[in-house]
Amino acid sequence: MKRMNRISIAAGLAMPLLLASCASTSSPSESVSAEPTPAASAAPNPTPTTENTISSPEPAPGSATPAPSVERPGSPPGPDTFSDKDLEQKPEAPKDNPGSVISWQIAKHPDFTRLVVTFSGDNGKALGYTTKSVKEAFEMGRGEEIKGDFGKILIDLNISHTDYPTSEKELEAYNDIPKQGKIEGVWVYFDGFYEGNTHLVINTTTPRQYRVFTLDNPARVVMDIDHPITAATNTK
């Protein structure tokens, strides 16, 4: 399928969705958002602290030795352990339709930076995903290289079983998704939709551990990217 043009980042558009849809151990004082804020049921989480929000759509770990896994009690739904291993999760409800991608946001929390990719459907279990640490990342379809702002520490995030916009509202939301954005050491590139897959590339200043999980109402894929200091000091 042909991919569509995306328009530039609209700062501060959807901080409410990010906080409502995936409340974490803190409320962001710094975050990036690219959606017109639909209200979503929040996952229960501890009280947040302050941070900034940023709106956006626009690797393989390097020489540093990966830090041990970090466990955080009271985390939102999903794995409690951060890891640098590649992940693969097939759809738990493959017959359901999670809809088309309508936005993505990143926000900085005290212990991690959170990336949320939101879809027009309700069932997050209909989504599958893979992550892979790579030294080079390429656009779907055209095959052009994606070059991050912070060098070659890249993580490919591919979300499967996604759909092409089927309504005027979905198409408008898709076309409004920004292409790229960054927030304090994490740069995200939105490669868009192609043949059932939604592709993003995450670029970081240093090798990071992360975790990925899905949420419902609306359907979302959430990726928490560990902060370097946390990975070095808060291990057990």
Considering non-hydrogen atoms only, spot the tightest contact between D191 and M140 and give its length.
-> OD2-N, 2.7 Å
Can you name the residues that form a side chain to side chain donor-acceptor pair (under 3.5 Å) with T206, not counting sequence neighbours?
-> R208
Please identify each residue that fulfils side chain to side chain donor-acceptor pair (under 3.5 Å) with T166, with sequence neighbours left out.
-> E170
How long is the span from the NZ atom in K169 to the OG atom in S100, to the nearest 0.5 Å?
-> 11.0 Å
What residues, two or more places apart in sequence or in another chain, satisfy side chain to side chain donor-acceptor pair (under 3.5 Å) together with D122?
-> none
Who pairs with T131 by side chain to side chain donor-acceptor pair (under 3.5 Å), at least two apart in sequence or on another chain?
-> Y210
Could you go step by step and tell me if I225 and F112 meet the side chain to side chain contact (heavy atoms under 4.5 Å, CB included) rule?
-> CA-CA 5 Å; I225 304 157; F112 52 80; 5.7 Å; no
For the pair T214 and V222, evaluate side chain to side chain contact (heavy atoms under 4.5 Å, CB included) and give the outcome as yes or no after the intermediate values.
-> CA-CA 6 Å; T214 61; V222 180; over 6 Å; no
What heavy-atom pair brings Q209 and F82 nearest, and what distance separates the two atoms?
-> OE1-O, 3.5 Å
Please examine the side chains of L200 and I159, heavy atoms only from C-beta on, and report whether any two atoms are closer than 4.5 Å.
-> yes
Using the test side chain to side chain contact (heavy atoms under 4.5 Å, CB included), find all partners of Q89 that sit at least two apart in sequence or belong to another chain.
-> E92, Y129
Assess whether side chain to side chain contact (heavy atoms under 4.5 Å, CB included) is satisfied between I153 and T205, documenting all intermediate values.
-> CA-CA 7 Å; I153 300 177; T205 51; over 6 Å; no
Verdict with reasoning, T113 to I183, per side chain to side chain contact (heavy atoms under 4.5 Å, CB included) = CA-CA 8 Å; T113 295; I183 183 171; 4.0 Å; yes
Sequence neighbours excluded, the answer for side chain to side chain contact (heavy atoms under 4.5 Å, CB included) partners of E172 is D176
Validation row: D111, H227 side chains within 4.5 angstrom (heavy atoms) = no
Applying side chain to side chain contact (heavy atoms under 4.5 Å, CB included) to A219 and not counting sequence neighbours gives P98, F119, L127
Across all chains, not counting sequence neighbours, the side chain to side chain contact (heavy atoms under 4.5 Å, CB included) partners of F138 are E136, E145
Shortest non-hydrogen pair, D149 vs N203, comes out as N-OD1, 2.9 Å
Closest non-hydrogen atom pair between T198 and F193, with its separation = OG1-CD1, 4.1 Å
Are D96 and K125 within salt-bridge range, i.e. N to O under 4.0 Å?
-> no
Do R220's NZ or CZ and the ring of F213 fall within the cation-pi criteria of under 6.0 Å and 45°?
-> no
So do L157 and H199 actually touch side chain to side chain, heavy atoms under 4.5 Å?
-> no
Taking all atoms of both residues into account, what is the closest heavy-atom pair of Y189 and E139, and its distance?
-> OH-OE2, 2.6 Å
Please determine if R114 and D224 form a salt bridge, counting it only when a charged side-chain N lies under 4.0 Å from a carboxylate O.
-> yes
If you round to the nearest 0.5 Å, how far is CG of L87 from OG of S133?
-> 9.0 Å
Which residues share a salt bridge (charged side-chain N to carboxylate O under 4.0 Å, His left out) with D86, sequence neighbours left out = none
Report yes if the side chains of V117 and V101 come closer than 4.5 Å at any heavy-atom pair, otherwise no.
-> yes
Is there a donor-acceptor pair under 3.5 Å between the side chain of T118 and the backbone N or O of I102?
-> no
Minimal heavy-atom distance between A126 and P91, with the atoms involved, is O-CB, 3.4 Å
